[in-house]
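Below: one structure, written as structure tokens.
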Protein chains: 4
Amino acid sequence: MPKIVNHEERREEVVAAARRIILRDGIEAATTRAIAKEAGYSNGVLTHYFADKDEILLSALEASHRRIADRLREKLSGLTGLAALRELLLDNVPLDGERAGETGLEVGFWGRSLTSPALLEVQRREAAELRYVVTSLLRSAAEAGEIRTDEDPEDVAERLLALVDGLSVHRLLYPANVTADRLERLLLREIDRLRDG
Amino acid sequence: MPKIVNHEERREEVVAAARRIILRDGIEAATTRAIAKEAGYSNGVLTHYFADKDEILLSALEASHRRIADRLREKLSGLTGLAALRELLLDNVPLDGERAGETGLEVGFWGRSLTSPALLEVQRREAAELRYVVTSLLRSAAEAGEIRTDEDPEDVAERLLALVDGLSVHRLLYPANVTADRLERLLLREIDRLRDG
Amino acid sequence: MPKIVNHEERREEVVAAARRIILRDGIEAATTRAIAKEAGYSNGVLTHYFADKDEILLSALEASHRRIADRLREKLSGLTGLAALRELLLDNVPLDGERAGETGLEVGFWGRSLTSPALLEVQRREAAELRYVVTSLLRSAAEAGEIRTDEDPEDVAERLLALVDGLSVHRLLYPANVTADRLERLLLREIDRLRDG
Amino acid sequence: MPKIVNHEERREEVVAAARRIILRDGIEAATTRAIAKEAGYSNGVLTHYFADKDEILLSALEASHRRIADRLREKLSGLTGLAALRELLLDNVPLDGERAGETGLEVGFWGRSLTSPALLEVQRREAAELRYVVTSLLRSAAEAGEIRTDEDPEDVAERLLALVDGLSVHRLLYPANVTADRLERLLLREIDRLRDG
DNA sequence: CATGAATGAGTGTTCATTCAT
DNA sequence: TATGAATGAACACTCATTCAT
């Protein structure tokens with residue numbers, strides 16, 4: 001008589017373990033053994049919940065995106081327009097250890113996505129969502145008169161998100177040059193420029 | 001007399017093979033065996049020209065940087081200030097297949113650098129150089145009255161280079177959203193904003 | 001429930017396989033693949049039971065020492081002084097096939113120990129123990145009036161153990177010259193000389 | 001038109017290089033590349049003078065024996081009987097760095113000889129010679145009344161040579177226990193015992 | 001003869017995956 | 001379901017050997 005387990009729950013446990021390892025030790029350290037051990041299970045369990053290792057990594061990426069989105073939703077509650085945008089962008093940049101880990105995970109996946117259609121698809125889906133939110137916030141900020149309106153919101157969104165990713169990877173690779181303070185300052189100034197120029 | 005080969009030439013052959021693999025199949029696929037095979041040699045040859053695999057990857061990264069620098073030097077000859085800056089930034093962004101390849105390789109190395117001190121060191125050295133050149137061009141453009149002077153050149157340089165890297169990776173990951181045209185337009189507009197705010 | 005194996009048992013299987021190979025083909029032939037095959041397993045099994053090859057070799061050496069010690073303990077029970085010493089020394093010399101194997105393994109390890117600190121340490125520990133036992137037996141034999149007392153027991157112990165090792169290696173390398181009978185005779189005579197000079 | 005070289009001379013150069021490496025870094029470090037480099041030649045030369053690596057090692061062993069024999073012949077000139085024997089035995093024991101190296105080489109070869117008929121044959125030939133010399137010296141010492149005659153010279157020779165080898169290997173493996181002084185003292189005492197003991 | 005480029009089997013080790021229990 | 005034993009291909013690297021020049 002088989003034990004009744006909650007499949008989705010187990011998957012999440014394993015994926016969380018994978019995320020922890022990737023954040024802590026890098027994507028190379030995320031072997032199936034390490035993941036199983038981190039999750040508190042034996043090697044063999046993984047087979048029951050994932051077709052192969054790639055599926056675990058993919059789920060880890062999705063989970064990471066979901067965590068970010070959840071956190072954001074909470075922070076953004078009650079905020080609108082420019083204030084919400086500011087919060088969103090600041091939350092997408094490695095200003096503390098937790099977000100630095102998330103950025104590291106993201107950057108590690110960028111390289112893999114270039115040669116993995118499945119990963120790429122996940123990245124694209126999430127990126128499109130984020131872009132949509134930013135564009136919407138820009139539009140509502142424009143309607144509220146908080147920012148200038150002489151530029152296409154889609155262009156501004158792309159510029160902001162590119163800057164966020166660029167600054168993020170620079171913070172990881174060149175921390176001496178891009179300190180947390182400087183990163184925050186540069187990002188906030190860019191947001192200010194939406195208003196007056 | 002034995003067959004005399006040009007060591008530097010062989011190294012470049014091997015490094016080129018490594019670059020091809022990284023671009024085509026990702027940095028994970030760049031095993032010593034795969035590199036040797038791609039270069040048309042047996043496993044053992046690599047020993048003659050490289051101490052270990054890391055040296056090959058490092059050389060591949062350095063070669064990529066050197067190619068970019070060489071090309072840039074040529075393009076920049078005769079240009080100064082803002083015009084030179086514009087050329088430099090446009091050249092650091094994946095607008096054609098060749099530069100897309102270089103960016104892809106770079107992104108692949110970003111992930112690796114997060115867990116490899118040797119690679120990180122190379123990345124940092126090259127990044128510092130680039131930052132220095134951009135800052136210098138900004139200063140001379142400011143002196144020539146081509147751009148506003150109300151912002152610290154170092155901050156502007158960091159913003160521009162972050163934007164370049166952010167747009168580059170977006171171009172690779174989301175080509176449908178960031179077309180070559182759009183990428184060029186966004187970058188040029190950002191440069192224009194240096195002038196009139 | 002998976003197949004449960006006794007880890008200690010498996011380790012012993014593998015170590016026994018390693019010992020067989022070393023005895024049969026020399027320590028150089030004891031590759032991880034050869035050991036696994038000799039044990040009847042695939043390459044990968046070794047990881048489950050040993051951290052690395054050194055641990056296997058080390059265990060093989062320790063196992064050999066333990067076997068000798070166990071056998072000796074049994075033989076020595078009830079014996080004291082000179083009689084015990086005689087038994088001990090005779091047991092440390094390749095008089096039959098089993099002990100010849102042990103000596104061969106030991107000699108193989110001598111060479112390795114010269115360049116391997118870990119192996120050397122094991123050799124030293126075991127040698128010190130043996131030296132201590134021999135010295136103790138010499139002292140009690142002296143107290144019992146069984147042997148002369150004009151020589152430092154430590155010196156006598158070293159001489160006896162050096163002779164044991166020298167005769168052992170000669171028995172292996174020059175069996176035509178050092179037959180089992182001759183080896184036994186020479187060793188017993190040396191023990192007799194402890195009594196009457 | 002081929003260069004005329006002295007084959008025997010080249011062989012000796014290479015063998016000397018091999019010996020230097022084995023003495024300095026152990027028998028495992030004696031790769032063909034290392035030997036060729038130490039000899040000041042390229043990899044390829046070895047083929048002209050040796051069938052394979054085993055032949056080099058064999059020659060190195062023979063050369064080592066020859067060197068010992070040569071040195072001994074010189075030291076023994078003018079000496080006879082017990083004095084000559086004393087000199088011979090002291091010279092076969094690792095009392096200084098040079099002889100320690102030779103002993104290390106010898107011990108390294110012992111292990112290999114157990115599974116290599118060719119090496120074993122060389123060891124046996126040389127051992128028989130040494131045994132013959134020692135026996136002869138014992139006989140002449142006996143005739144000269146320098147030592148007792150109640151023991152078979154062949155047995156005494158075997159005992160002395162076994163002691164020499166045993167003390168030698170103990171000096172290498174347990175230098176803290178068997179110091180050079182102690183080794184010399186133990187050996188000289190054993191020789192003294194030939195007279196009155 | 002001498003060179004050194006090139007080979008390819010072999011080394012210890014890692015790891016995703018399979019599967020009997 | 002869960003276990004963990006077992007597999008075997010793959011990894012980076014080493015090295016004796018071959019051979020065109």
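Heavy-atom basis, side chains included; hydrogens, waters and symmetry copies ignored. Labels below follow one simple rule: chain letters A, B, ... track the order of the sequence lines, proteins then strands, and each chain is numbered from 1. Just so you know, these numbers come straight off a predicted model, no measurement behind them.
Not one side-chain nitrogen or oxygen of D:Arg33 sits closer than 4.0 Å to the OP1 or OP2 atom of F:dT17. Taking only side-chain nitrogens and oxygens, C:Thr32 comes nearer than 4.0 Å to OP1 or OP2 of E:dG12. OP1 and OP2 of F:dT3 both lie 4.0 Å or more from every side-chain N or O belonging to A:His48. A sub-4.0 Å separation between OP1 or OP2 of F:dG4 and a side-chain N or O of C:His7 is absent.
Atom P of nucleotide E:dA16 and atom CG of A:Leu46 are separated by 10 Å, given to the nearest angstrom. One interatomic measurement links the two molecules: NZ of B:Lys37 to C1' of F:dA12, which rounds to 18 Å at whole-angstrom precision. Taking atom CZ of residue B:Arg10 and atom C1' of nucleotide E:dA5, one finds them 8 Å apart after rounding to whole Å. With rounding to whole Å, A:Glu28 atom CD is found 14 Å from F:dC11 atom C1'. Following rounding to the nearest Å, B:Tyr41 (OH) and E:dG4 (P) show an atom-to-atom distance of 17 Å. Between B:Phe50 atom CZ and F:dT14 atom P there is a gap of 15 Å when expressed in whole angstrom units. Nucleotide E:dT13 holds its P atom 12 Å from the CG atom of C:Asn43, rounded to whole Å. The nearest whole Å value for the distance from the CD1 atom in B:Ile35 to the P atom in F:dC13 is 10 Å.
Between C:Ser42 and B:Asp52, the one whose closest nucleotide on DNA chain F sits nearer the 5' end is C:Ser42. Closest-nucleotide positions on DNA chain E for D:Thr47 and C:Ala30 were compared, and the one nearer the 5' end corresponds to D:Thr47. Place C:Tyr49 and B:Lys53 on DNA chain F by their nearest nucleotides, and C:Tyr49 ends up nearer the 5' end. Mapping A:Ala34 and A:Gly44 onto DNA chain E by nearest heavy atom places A:Ala34 closer to the 5' end of the strand.
For the residue pair C:Ala60 and C:Leu105, the shortest heavy atom distance occurs at O-CD2, 4.4 Å.
A stem is defined here as three or more consecutive Watson-Crick or G-U pairs, each with both distances under 3.5 Å; for DNA chain F these stems are E:2-21 with F:2-21.
A salt bridge (charged side-chain N to carboxylate O under 4.0 Å, His left out) with A:Arg67 holds for exactly one of A:Glu12, A:Glu106, A:Glu98; it is A:Glu98. Among D:Ile21, D:Leu23, D:Ile27, the single residue meeting the side-chain contact (heavy atoms from CB on, under 4.5 Å) criterion with D:Asp25 is D:Ile21. A side chain to side chain donor-acceptor pair (under 3.5 Å) with A:Glu38 is found for exactly one of A:Arg24, A:Arg19, A:Arg33, namely A:Arg24.
Residues meeting the ring-ring contact (aromatic ring centres under 6.0 Å, His included) test with A:Tyr41, sequence neighbours left out: none.
Annotation: side chain to side chain donor-acceptor pair (under 3.5 Å) contacts involving residues 44-56 of chain C, sequence neighbours excluded, comprise C:Arg11-C:Glu55.
Remark: the backbone N or O of A:Phe109 is paired with a side-chain donor or acceptor of A:Ser113 at under 3.5 angstrom.
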